[in-house]
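Each remark here refers to the structure printed beneath this line.
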Amino acid sequence: MLAWFPEWPLSALIAGSILVLHGVIALTGPMWAPYSPTKILVGQPFASPSTAHLLGTDNLGRDVFSRVVYGERTVLTLSLSATGLGVLCGASLGLVTGYARGWLDEVVMRIIDIMISIPPLILALLVISALGSSPLLLVLTVAFFYVPRVARVVRAATLRVVMEDFVTIARARGESAWSIAHKELLPNVIGTVLVEFAIRSGYAVIFIGSMGFLGFGPPPPTPEWGLMVNQGREYIVTAPWAVVAPAVGIASLVVPLNLFTDGMARLLGQSVPWERH
Amino acid sequence: MRGPPAPVIDVDSLIVDFWDRRRWTNVVHGVSFHIFPGETLGMAGESGCGKSTTAYALLGYHRPMSRFNGGAVRFLGRDLLRLPARELQKIRGAEIGFVPQNPATALNPSMPVGHQVMESLEAHGACATRREAEDRCLGLFADMGLPRPKVVAGRYPHQLSGGQQQRVVLAMALACHPTLLVLDEPTTGLDVTTQARILSLLARLRARYGMAMFYVSHNLGVLAQVCNRITVMYAGELIEVASTAELFRNPGHPYTRGLIASLQQVSGFVGTQPLLRGLLRRDALPLGCRFAPRCEYSQPGCFTSPQSLATVGDGHEVACWRWPDIPAGTDPADKGTV
Amino acid sequence: MPRGYPERPQTGESDQLPAKPAVRGVSFSISPGETLALVGESGSGKSTIVRAIAGLLAPTRGRLVFDGQDITLPVERRTKELRRQIQLILQNPDASLNPRHRLWRIIGRPIEFFFRTSGREQQRGVAELLETVQLDAGYMWRMPSDLSGGERQRVAIARALAARPKLLLCDEILSALDVSVQAGILNLLRALQAGHGLSFLFISHDLAVVRSLAHRVAVLYQGELCEVGGVREVFSPPFHPYTEVLFRAQPVPAPGEDLPTDVPSGSELEGEEAVPACPFAPRCPRKVGSICDRVPPPWSTVSATHAIRCHIPGGELAKLQAI
């Protein structure tokens, strides 16, 4: 796939390597993290960073470094699965409605308009306060928000392609709708889908972090960065590292994601709709 | 005999490069020509030969990812390639008008066309009051042969046909009475009847406004009808310059002959000249004559010795050292039964 | 075996319909190995006719017959064999090739689809087709963006030929190309017709191209036919007044000719007035009078193969148009 993007901007290359590093930490972290993330009193509470505890310890004497390393896996699993699910469903829906047009398109688009008009945070809080908080529910909620938004973007991209003559030729040949969708349309909207995935992953990290911060994410003592920021907040004067470390974790994921998306979008000739959420 | 008047525009050894993935590639290679006041100069050539790039250079403009790498474009003595952006801005649209191939790209889709013409009049300080601008705009639309100028002025571009859009663009280009009008394939993509109307409109406008014109087209037949002189471009170089009549009566360069032959072929005439072989390949240009790989008459020497324009007759220049050996030119086609 | 495609019976008067259909009462036929050119300006309904024959649009009324078989069916209900025999080539070579596929895939797909060949054999087919359209077989590894407009149009032709069709529908396939490239493709089309016995429905607004390729010509104005005949007949008097206007608009490949006379423009803001009985009446330089607006003009036969639809009889037109 790299052959598609012969020239990456330097910023995107650096961002890409940071993202790879995050991925490596998520995959292998538990193998080399010095302590268990949930075990309390592995050191003195509020210990400053030292060789024994690289990022110090928190109020319960847990090793912050180990918690951040384990948290990587939590945040990546949650945000990527939520984004993946949302983009997959949204892109399929967009592709189908964009190709089918007609009444199906009308109906789906009206439903999508309604879905988009619901403020994400409020519905998330409602759902979670009604059904209780669970990682699965969080993933489904985020995916639920992404489906209509991704569908709309992919539908617009599909509509542009559907009008092209090569689709007319395929229809005249009698190709099935499925064959047209995945052979003719998909290769032309895949760039849009990739950009959507990248940009929405960044939003998902922030959203899931915020939910964790508000206490609607995975329950304690799960090492989740948003939750960690919230818990460390009370002791920010005594143990700033317990807040700073997970916050830097979030930032070092979101900022490179955005830079990477930007570079990728430019290479694919797409524009990045930063203003959308 | 009087000396010739000073040219409106004098292009001198123009060189333009494009950024192609990793390196600069040359597209216009040392092109020189001039246009006298009130004259229409045509430029013919196949897609990708650099003729649009040359047209843009007459506005002192180069497209993104490209650069001027030498030469001068002197408009009434001022070199447009070295003029500050602000002064260039004043000249473009006021003293030099431009008509692009696709009128839709030149018009703002979200504004009635009348407003757009008035805006360009006001931008160049051509009109003191709104009222005056409006009158001028409606007058221009009438000049362009647009029916019911008032109605048209209130329309958005998508509500007009291609021919009407092109007339609006023409009106905009002529709004400030330019000295030079640059037209880049203005009738390509239009119906023949619409094309005929635009061409005869251009002839009328030239008589009325007295501007010089630079007309770019791949179709020699179209150029034959509007131009006094024609230049033929191949792979970024001029290979022939002649008056229109001379070019058709006595084409010198094998490429020009090929172009005329394909025009006759397409029109159903039996041509006497061989058709053009192959296509322009920029990645495989020889050191010598760039046309040599496709030329019926090429000899080994053609591939190694570069050719430049040499005078072969009154105002007729050809860049081919073999031209005297080539069998006599085509007869200008008889018109057939019509 | 003769093949015919009568399209919408001429009795299909459409005054009662709320909006005038894009194409009204058009009938014509094409024989094997023959090229019928359909001439008209943009908006005349040429593309609508092509799309109807290809099954992409359903005609409101009328019948399409191919090889004696009724094919007034949408593409989904046509047999594979029928879809194979009628192939389509469109105007814009930039839009008609999928920019994400290499040429072997673009040309190979119809081979795979219609003949179920794949792998080596399919590749050989692609190479042969590329050679048929005078491109190097090595082109199969290229992307459409690597090609010039003329090369792309050749690929589009190769893709249509891959189905081994009997009828090729060519919708303005030359108008986006340079004149020098057009000449090459015209020669290619002639060679294909001679070699494969193909029938062409060749749509164009360019009379010059039509003259050099077509056997018979049908002139279309705003959805109605106004002249039908052999290419020689249509290209010499008597002309339908619209054909005459088209001729005068033609750029002549020789200098020193007068500019084409200004073509009457008539109502340019279309869609505002009702279409009169003769759709060309508002622009017609030879308009007889109010009869043109009220009474649909009759077909008058000039010869067994040449007919003109005008209130002025053919003989009189010939006298008016004699130069």
Side-chain angles (χ1 to χ4, degrees), chain B residues 45-48 145-148 151-152 155 159-164 188-197 199-201 203-204 218-222 224-227 244-245 247-249 258-269 275-277 279-280 332-338, chain C residues 40-44 134 147-151 174-184 186-187 205-213 231-232 235-237 239 242 244-270 272 283 323:
Chain B
E46 291 168 291
S47 312
L146 282 164
R148 282 177 283 171
V151 181
V152 173
R155 300 236 162 154
Q159 294 171 312
L160 302 175
S161 70
Q164 290 170 342
T188 306
L190 299 179
D191 282 326
V192 232
T193 48
T194 318
Q195 167 170 294
R197 270 189 252 152
L199 292 184
S200 60
L201 172 67
R204 269 208 311 277
H218 70 271
N219 191 337
L220 268 177
V222 169
Q225 303 195 338
V226 282
C227 298
T244 306
L247 190 83
F248 278 86
R249 197 180 323 120
L259 282 182
I260 294 175
S262 41
L263 186 63
Q264 291 172 344
Q265 165 93 10
V266 164
S267 317
F269 294 104
L275 284 178
L276 291 171
R277 287 185 286 142
L279 293 160
L280 167 53
D334 62 304
K335 270 191 76 188
T337 40
V338 181
Chain C
E41 292 168 295
S42 52
S44 61
Q134 292 151 23
L147 308 184
S148 70
E151 289 174 317
L174 298 180
S175 67
L177 305 176
D178 282 353
V179 177
S180 54
V181 178
Q182 290 182 9
L186 275 175
N187 283 345
H205 70 269
D206 189 344
L207 285 182
V209 167
V210 165
R211 174 197 211 135
S212 75
L213 188 72
V231 67
R232 291 247 166 83
F235 279 64
S236 51
F239 304 114
Y242 175 58
E244 193 185 358
V245 162
L246 279 179
F247 268 115
R248 281 199 271 135
Q250 205 62 35
V252 182
E257 302 294 337
D258 286 338
L259 274 172
T261 32
D262 207 3
V263 178
S265 62
S267 159
E268 285 211 18
L269 300 174
E270 289 132 23
E272 291 194 336
R283 283 173 70 186
I323 307 161

Atom pair CG (Leu259(B)) and CD (Glu46(B)), whose distance is rounded to the nearest 0.5 Å: 6.0 Å

Side chain, backbone, both or neither of Leu247(B) within contact of chain C (heavy atoms, under 4.5 Å): neither

Interface residue of largest heavy-atom contact number with chain C, from Gly48(B), Ser47(B), Gly162(B), Cys227(B), under 4.5 Å: Ser47(B)

Smallest separation among heavy atoms of His205(C) and Leu190(B), with atom names: NE2-O, 3.6 Å

Mutual orientation of the aromatic rings belonging to Phe239(C) and Phe247(C) [parallel < 30°, tilted 30-60°, perpendicular > 60°]: tilted

Rounded distance (nearest 0.5 Å) linking atom CG of Asn219(B) with atom CD of Gln182(C): 7.5 Å

Option in Val210(C), Asn187(C), Asp206(C) with maximal non-hydrogen atom pairs under 4.5 Å from chain B: Asn187(C)

Part of Leu177(C) lying under 4.5 Å from any heavy atom of chain B: backbone

